[in-house]
Amino acid sequence: MDNSRHQNAEAEEKTLNFIEQIIEEEIAAGKNGGRVYTRFPPEPNGYLHIGHATSICLNFGLAAKYNGKCNLRFDDTNPSKEDVEYIDAIQADIQWLGFQWEGKALYASDYFRQLYDWAEKMIIEGKAYVDDQPAEVISAQRMSPTEPGVESPFRSRSAEENLDLFRRMRNGEFKEGSRVLRAKIDMASPNMLMRDAIMYRIMYTPHHRTGNQWCIYPMYDFTHGQSDYLEGITHSVCTMEFEVHRPLYNWFLDQLIDTEYRPRQIEFARRNVSHTVMSKRKLLELVQKKYVSGWDDPRMPTISGLRRRGYTPESIRMFAEKVGVARREIVVDIALLEHCIREHLNLTAQRVMAVLDPVKVVISNYPKGQTEFVQIENNPEDPDAGMRNVAFSGELYIEREDFMEDAPKKFFRLTPGGEVRLKGAYIIKCTGVEKDRAGSIQTIYCTYDPDSKSGSGHEASNRKVKGTLHWVSASDTIDAEVRIYDRLFKDEDPDGHKDADFKEFINEDSLKTIKGCKLESGLKTAKPGDRFQFQRLGYFCVDKDSTEGNLVFNRTVALKDTWAKMQNEK
RNA sequence: UGUCCCAUUGUGUAAUGGCAGCACAGCAGAUUUUGGUUCUGUUAGUCUAGGUUCGAAUCCUGGUGGGACAACCA
């Protein structure tokens, strides 16, 4: 029984996704000499997000699995949308995720010369022509997917004239938008992209790498397959929206390449995540309209946002692995991402005492002015994490919500006359409270049982204490600011609305800042990027906004809290 | 009224003509110095109608539903 279950688990791990199946079949058939070479080809026009992260994991993961290589290639053929800022950010994000591309980062713009020569070759062979019509006319002539298009009157120009015009395009003799180079394919094709796709357009925008060297730029379709070919890519993995481009991808290679080797385009489905947006256009809008603080706002699904929030590379890789690969539109529940980060942080994050909403506890029978140190495990999941000393005294802070005067039966924490254990220290009993005029509790009075110290051997003392509370000694705390992020969007998914104005979808409570939190003094030395588990409250990461005297924490994710859930259900 | 892609529990993903499995979420219980973690159990699925077959989630046909394509974007 156990044995068979174990075997099933192993079998499951070995399950191949459909891309791996394709690759293994090709390897078995001896294609490309068994070589596997992939690439990740972002356009540098925005920051990478969790969707790119899964694509990165796929491409680099395939290369790693089959002892191959993976390139990073910037698809920088449209200077009007691109910027070096993004190039740096993209490289940093990929490396942070734990991947390293083969050699130096590559650029489609590296191939501008080669692509130009190929374009001339096609012109000479009568496979491409210069069209003098404006964009609207060309677009109208393509007609609709349900009816054949109309051929351009310039379609039958001589090769000599086309070559002359194309060279003059390159030399800057024509106005932007006045002429394009088109492939001569089939204006009646049911695939709109095959209706004489545009290969080159005139653009006087300086390019972030080639400057003013070129004033004509190749289109995606005339660039991508050939770039793959030049780099020796075997598997060009992209998202489903490029599926209709595949015939064009192959068509261009067929015109230009006479080797047996061809890169192969394989499409898989974009992996959307619930409660967020993934389109670059919309993310840019969130940044520009200042709905968020920037690309790395911890509520953003960008890699930099997730990083700042406290997500680990391991958790994102685990997410990509668990989501899998398919060929249909999907929306992954964000709960899976949250599961992955909890799983990793549970194993690695140091536990720490932190009180977000402090209320004072005075232990009346504890010797006045005395402080002792109690030993507490740094991480019960990790035996190597060791112990630390935490100051304990007669004046403490506990979480305000951990005390209730009229508590329901299922409340396990402190109540008048009730007992709880203070984590790592003693059992205390509540003897009374002091309130201000408004009736809000100022101080909780308790007595402690000196025989109940953790690890003393007398802990049990013949009684069972249901609750355990976190605390900090009033004599030994540091103050901190804690930022709690909820989902940026309400339940309704703005990604589903083509022209959504985000205002109506944004959850106004998505960011809550709590000041005056009390932390154990050991956190003095915490640095931006350090991650902790605040007992019962969740996982937190030190933010870059922290200063010497004021630590700022972002809550990465809350712990599961069944008590809170019970409360919500009422 | 075109071409192409897709349809397995709430979500994601396996099963490649032979026992519908796994994960997340949910529910119940055990353990627990934090109502967490860990462990155990459990609810729930092949879009639909035909066909082929000893046998269909899988192959075929029709239907339904979802998606992509009509940028000088990628």
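Here is how names work: the chains are called A, B, and so on, in the same order as the sequence lines, proteins then strands, and each is numbered from 1.
- Residue-to-nucleotide contacts include no donor-acceptor pair under 3.5 Å from the side chain of A/H245 to the base of B/A68.
- Taking atom CD on A/E381 and atom P on B/C39, their separation rounds to 10 Å, with Å as the unit.
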Run A/L422 and A/F392 through side chain to side chain contact (heavy atoms under 4.5 Å, CB included) and show every step you take.
CA-CA 10 Å; A/L422 294 176; A/F392 180 89; 3.7 Å; yes

Between protein and nucleotides 24-31 of chain B, map the contacts as a letter string: B base, S sugar-phosphate only, - none, heavy atoms under 4.0 Å, written 5' to 3'.
SSSS----

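- Classification of A/R388 and A/E520 as a salt-bridged pair holds, one side-chain N sitting under 4.0 Å from a carboxylate O.
- Nearest-nucleotide positions on RNA chain B place A/L469 closer to the 5' end than the other of A/L469 and A/Y200.
- A salt bridge links A/R209 with A/D110; the closest basic N to acidic carboxylate O contact falls under 4.0 Å.
- A side-chain donor-acceptor contact under 3.5 Å links A/R39 and A/H224.
- A donor-acceptor contact under 3.5 angstrom links the side-chain atoms of A/S454 to the base of B/U33.
- We find that CZ of A/R182 is positioned 12 Å from P of B/A71, with the value rounded to whole Å.
- At the heavy-atom level, A/F411 lies under 4.0 Å from base atoms of the strands shown.
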Dot-bracket assigned to RNA chain B with the 3.5 Å Watson-Crick/G-U criterion, [ ] for crossing and | for other-strand pairs, is .((((((..((((....[..)))).(((((.......)))))....(((((..]....))))))))))).....

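- Evaluation of the ring pair (Phe, Tyr, Trp, His ring centres under 6.0 Å) test over residues 171-200 of chain A, restricted to residues two or more places apart or in two chains, returns A/F166-A/Y200, A/Y200-A/F222.
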For the pair A/S274 and A/R487, evaluate side-chain hydrogen bond (donor to acceptor under 3.5 Å, both in side chains) and give the outcome as yes or no after the intermediate values.
CA-CA 10 Å; A/S274 70; A/R487 293 162 181 168; over 6 Å; no

May I have the step-by-step check of side-chain hydrogen bond (donor to acceptor under 3.5 Å, both in side chains) for A/E136 and A/S139, ending in yes or no?
CA-CA 5 Å; A/E136 314 79 67; A/S139 174; over 6 Å; no

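- Comparing B/C6 with B/G62, their P atoms sit 16 Å apart, to the nearest whole Å.
- As judged by a 4.0 angstrom heavy-atom cut-off over every strand, A/T77 is placed among residues touching the sugar-phosphate backbone only.
- When each of A/R155, A/R182, A/R157 is paired with A/D132, the salt bridge (charged side-chain N to carboxylate O under 4.0 Å, His left out) condition holds for A/R157 and for no other.
- Residue A/A269 is out of contact with every strand shown, counting any heavy-atom pair closer than 4.0 Å.
- Two residues, A/R536 and A/D75, neighbour RNA chain B, and the one matched to the more 5' nucleotide by heavy-atom proximity is A/R536.
- Among the heavy atoms of the strands lying under 4.0 Å from A/F242 is at least one base atom, whether or not backbone atoms are also near.
- In textbook terms, a nucleotide whose glycosidic angle is within 90° of 0 is syn, and B/A71 is one such case.
- Shown are A/F112, A/W214, A/Y107; of these, the ring-ring contact (aromatic ring centres under 6.0 Å, His included) with A/H207 is made only by A/F112.
- Separating the CD atom of A/E267 from the P atom of B/C5 is a distance of 10 Å, rounded to the nearest angstrom.
- The distance between atom CD1 of A/I138 and atom C1' of B/C72, rounded to the nearest whole Å, is 7 Å.
- If you check every strand for non-hydrogen atoms under 4.0 Å, A/R195 touches nothing.
- We find that NE2 of A/H344 is positioned 16 Å from P of B/U37, with the value rounded to whole Å.
- Within the 4.0 angstrom heavy-atom criterion, no nucleotide atom of any strand lies near A/V465.
- With A/L284 as the partner, the side chain to side chain contact (heavy atoms under 4.5 Å, CB included) test is satisfied by one option alone out of A/K282, A/Q288, A/R281: A/Q288.
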